[in-house]
Amino acid sequence: MDSILVTGNGPLQGQIPIAGAKNACLTLMPATLLSEEPLTLTNAPRLSDIKTMTALLQSLGAEVTTLQDGQVLAMSSHDLDSHVADYDIVRKMRASILVLGPMLARDGHAVVSLPGGCAIGARPVDLHLKALEAMGAELELKEGYVHAKAPGGLEGGVVEFPLVSVGATENALMAATLAKGSTVLKNAAREPEIVDLAQCLRKMGAQIEGEGTSEITIQGVDRLHGATHPVVTDRIELGTFMLAPAICGGEVECLGGRIDLVEAFCERLDAAGVSVEETDVGLKVARKNGRVRAVDVVTEPFPGFPTDLQAQMMALMCTAEGTSVLEEKIFENRFMHAPELMRMGAKIDVHGGTATVTGVERLKGAPVMATDLRASVSLILAGLAAEGETLVNRVYHLDRGYERVEEKLGNVGARIERVQGE
Ligand code: UD1
């Protein structure tokens, strides 16, 4: 298994291109199952999670052709020869559950393996299932699989989510495009990835209003047609690379970055003493002066501070002046990076969903273990600011969500290299 070796060094300087959003792409890809005509995505990120979704769609009979070195995904689901999403693929990636709504809406039946647990918490899919039931689906759980049926097609209805779920909103939104009549999604997620999905579905002929607010209304149509759609910028990759100059000094311009994607995060950066300037091509980030100050963070659904940037923000807080409190409100077990950061000399106290971080002058390099996707990149950020060498082991998590991270950081002056494993 590969590792990443980071040697702490001085200020970074230059530009980092930000890729299309992994999480948007993972919901846009299953949208191909809604139509017999081709759906083409441009600005796709080149990540192992995208390969996993490609394999899943292909296992259902969809054609997926990768063009322009992976940045264009040409998909066609003219004939589906299977409606079964197998455990072997689904267990690798929870987002696989997103094929359920589209298959059911189009053909009236689907069988999808339950994703099972995952490192950052229980993460059930009950909200996905309840939303589809509210649209008339009959569901049965058998041997770890959800067997879903809607023989006469799905029917519109009111779906009120008891808590905000990105994935459940996406599944319900896709399913509702082909349901009879109108569907209202209440307490819907407002993430930019939902807005991107709605825009793509509208290009395919769907009738949707209210995306980006907590109430989305969908008027079902008989069929959707083909479309071409660019994947929105990855706000999590953006936020991650914005933290690189915050943590080790210098000035980095993140190409394609937009404030509206990361507003709550930028507000916290500002309070910590990091400036973010909008340019014609992206966002330019630098420390305002000297050491960063400690700030408190509470993760929330969009437009709040994203849980997917909590680990990286913690890395910054490890060397900030003062004490910060980070509260994780989305996932119950998302501080696994804390003990690894402590191996590097960080002072962190975790109690339930709260981590208290007291900044130290400098972290010290150490061998550490990546426990999940965002945790692994937080250890790389910490390594950039540490004295000596940090070896981040088990980086397969990283490859799920970050495109060529060593090259992107290396190009702005970071000393970082991949060490090939056996
Ligand atoms: C998506 C993102 C993930 C991000 C998360 C929160 C993708 C592929 N992944 O995950 O990177 O961290 O949003 O911004 O887009 N829940 C239930 N029942 C359900 C579904 C969710 O209880 O049926 C709970 C979850 O356990 C969690 C909360 O709801 O505590 C929010 O999860 P959700 O928004 O659904 O996350 P994902 O869509 O899985």
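FYI, side chains are in, hydrogens and waters are out, and symmetry mates aren't considered; it's all heavy atoms of this structure.
When side chains are defined from C-beta on, Leu26 counts as touching Met93, because their heavy atoms get closer than 4.5 Å. Residues Arg235 and Leu309 form no side-chain contact, since every pair of their non-hydrogen atoms from C-beta on lies 4.5 Å or further apart. In this structure, Phe265 and Ile236 have side chains that are not in contact, with every pair of non-hydrogen atoms separated by 4.5 Å or more. Side-chain contact between Cys25 and Leu41 is present, with at least one heavy-atom pair separated by less than 4.5 Å. Two residues are said to be in side-chain contact when any heavy atoms from C-beta on lie closer than 4.5 Å; Leu398 and Asp2 fail this criterion. The shortest distance between side-chain heavy atoms of Asp79 and Asp81 does not fall below 4.5 Å. Side-chain contact between Asp49 and Met53 is absent, with no heavy atoms from C-beta onward closer than 4.5 Å. Within the 4.5 Å cutoff, the side chain of His83 has heavy atoms near those of the Asp107 side chain.
No donor-acceptor pair under 3.5 Å is formed between the side chain of Asp234 and the backbone N or O of Ala19. Put simply, the side chain of Glu328 gets close to the backbone of Ile330: a donor and an acceptor are under 3.5 Å apart. A donor-acceptor pair under 3.5 Å links the side-chain atoms of Arg106 to the main chain of Ser35, judged by distance alone. Asn187 places no side-chain N or O within 3.5 Å of a backbone atom of Glu160 that could act as its donor or acceptor partner. A donor-acceptor contact shorter than 3.5 Å links the side chain of Ser48 to the backbone of Asp399. Counting only distance, with no hydrogens or angles, the side chain of Asn171 and the backbone of Gly101 share a donor-acceptor pair below 3.5 Å. Side-chain atoms of Thr32 do not come within 3.5 Å of backbone N or O of Leu39 as any donor-acceptor pair. Here the side chain of Asp196 pairs no donor or acceptor atom with the backbone of Ala24 at under 3.5 angstrom. Here the side chain of Asn393 pairs a donor or acceptor atom with the backbone of Val368 at under 3.5 angstrom.
In Lys149, the NZ atom is not crowded: 12 or fewer heavy atoms of neighbouring residues, nucleotides or ligands sit closer than 6.0 Å. Counted within 6.0 Å of CG on Asp222, heavy atoms from surrounding residues, nucleotides or ligands total 12 or fewer; the atom is thus considered open. Heavy-atom neighbours of Arg415 CZ from other residues, nucleotides or ligands within 6.0 Å: at or below the threshold of 12. Counting heavy-atom neighbours within 6.0 Å of Lys329 NZ, excluding the residue itself, gives a total of 12 or less.
Contact record, Pro192 with Leu261: CB-CD2, 3.7 Å, taken as the closest heavy-atom pair. Pairing each heavy atom of Met317 with each of Ala272, the nearest pair is CE-CB, 4.3 Å. Nearest heavy atom pair, residue Ala370 against residue Val392, reads CB-CG1, 4.1 Å. Of all non-hydrogen atoms in Ala244 and Leu384, the two that sit nearest each other are CB-CD1, 4.4 Å. Of all heavy-atom pairs between Ala85 and Tyr145, the closest is O-CE2, 3.5 Å. Here the closest heavy-atom approach between residue Cys254 and residue Leu238 is recorded as CB-CD1, 3.5 Å.
Sorted by first and then second residue, the side-chain hydrogen bond (donor to acceptor under 3.5 Å, both in side chains) pairs involving residues 58-71 (not counting sequence neighbours) are Arg46-Asp69. Counting only residues at least two apart or on different chains, the side-chain hydrogen bond (donor to acceptor under 3.5 Å, both in side chains) pairs with a member in residues 204-216 are Arg202-Glu211.
For Arg258 and Thr233, the side-chain atoms include no donor-acceptor pair closer than 3.5 Å. Looking at Glu193 and Thr27, their side chains never bring a donor and an acceptor atom within 3.5 Å of each other.
Leu341 CG to Met314 CE: the interatomic distance, rounded to the nearest 0.5 Å, is 7.0 Å. Note: Asp86 CG to Leu60 CG = 10.0 Å, rounded to the nearest 0.5 Å. Interatomic distance, CZ of Arg343 versus NE2 of His337, reported as 15.5 Å (0.5 Å rounding). Atom CG in Leu381 sits 5.0 Å away from atom CD1 in Ile247 (nearest 0.5 Å). In this structure, OH on Tyr396 lies 5.0 Å from CZ on Arg394, to the nearest 0.5 angstrom. To the nearest 0.5 Å, atoms CD (Glu191) and OG1 (Thr169) are separated by 8.0 Å.
Between Arg418 and Glu406 a salt bridge is recorded (basic side-chain N to carboxylate O distance below 4.0 Å). The existence of a salt bridge linking Asp308 and Lys22 is excluded, since no basic side-chain nitrogen approaches an acidic carboxylate oxygen closer than 4.0 Å. At a threshold of 4.0 Å, the pair Glu36-Arg223 does not count as salt-bridged, since none of the basic side-chain nitrogens sits closer than that to a carboxylate oxygen.
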**Asked** After noting the C-alpha distance and the side-chain angles of Glu389 and Leu5, does the key distance pass the side-chain contact (heavy atoms from CB on, under 4.5 Å) rule?
**Response** CA-CA 7 Å; Glu389 289 187 342; Leu5 181 66; 4.0 Å; yes
**Request:** Kindly indicate, with the supporting measurements, whether the criterion side-chain contact (heavy atoms from CB on, under 4.5 Å) is fulfilled by Asn23 and Val166.
**Result:** CA-CA 10 Å; Asn23 287 351; Val166 178; over 6 Å; no
**Asked** Between Thr371 and Glu340, does a side chain to side chain donor-acceptor pair (under 3.5 Å) hold up when you go through it step by step?
**Response** CA-CA 9 Å; Thr371 49; Glu340 301 300 315; over 6 Å; no
**Request:** Using the side-chain contact (heavy atoms from CB on, under 4.5 Å) rule, take Leu129 and Leu100 through it: C-alpha gap first, then chi angles, then the decisive distance, then the call.
**Result:** CA-CA 9 Å; Leu129 305 185; Leu100 176 59; 3.8 Å; yes
**Item:** Chi angles and distances behind the side-chain contact (heavy atoms from CB on, under 4.5 Å) call for Leu243, Leu269
**Value:** CA-CA 9 Å; Leu243 284 169; Leu269 283 187; 3.8 Å; yes
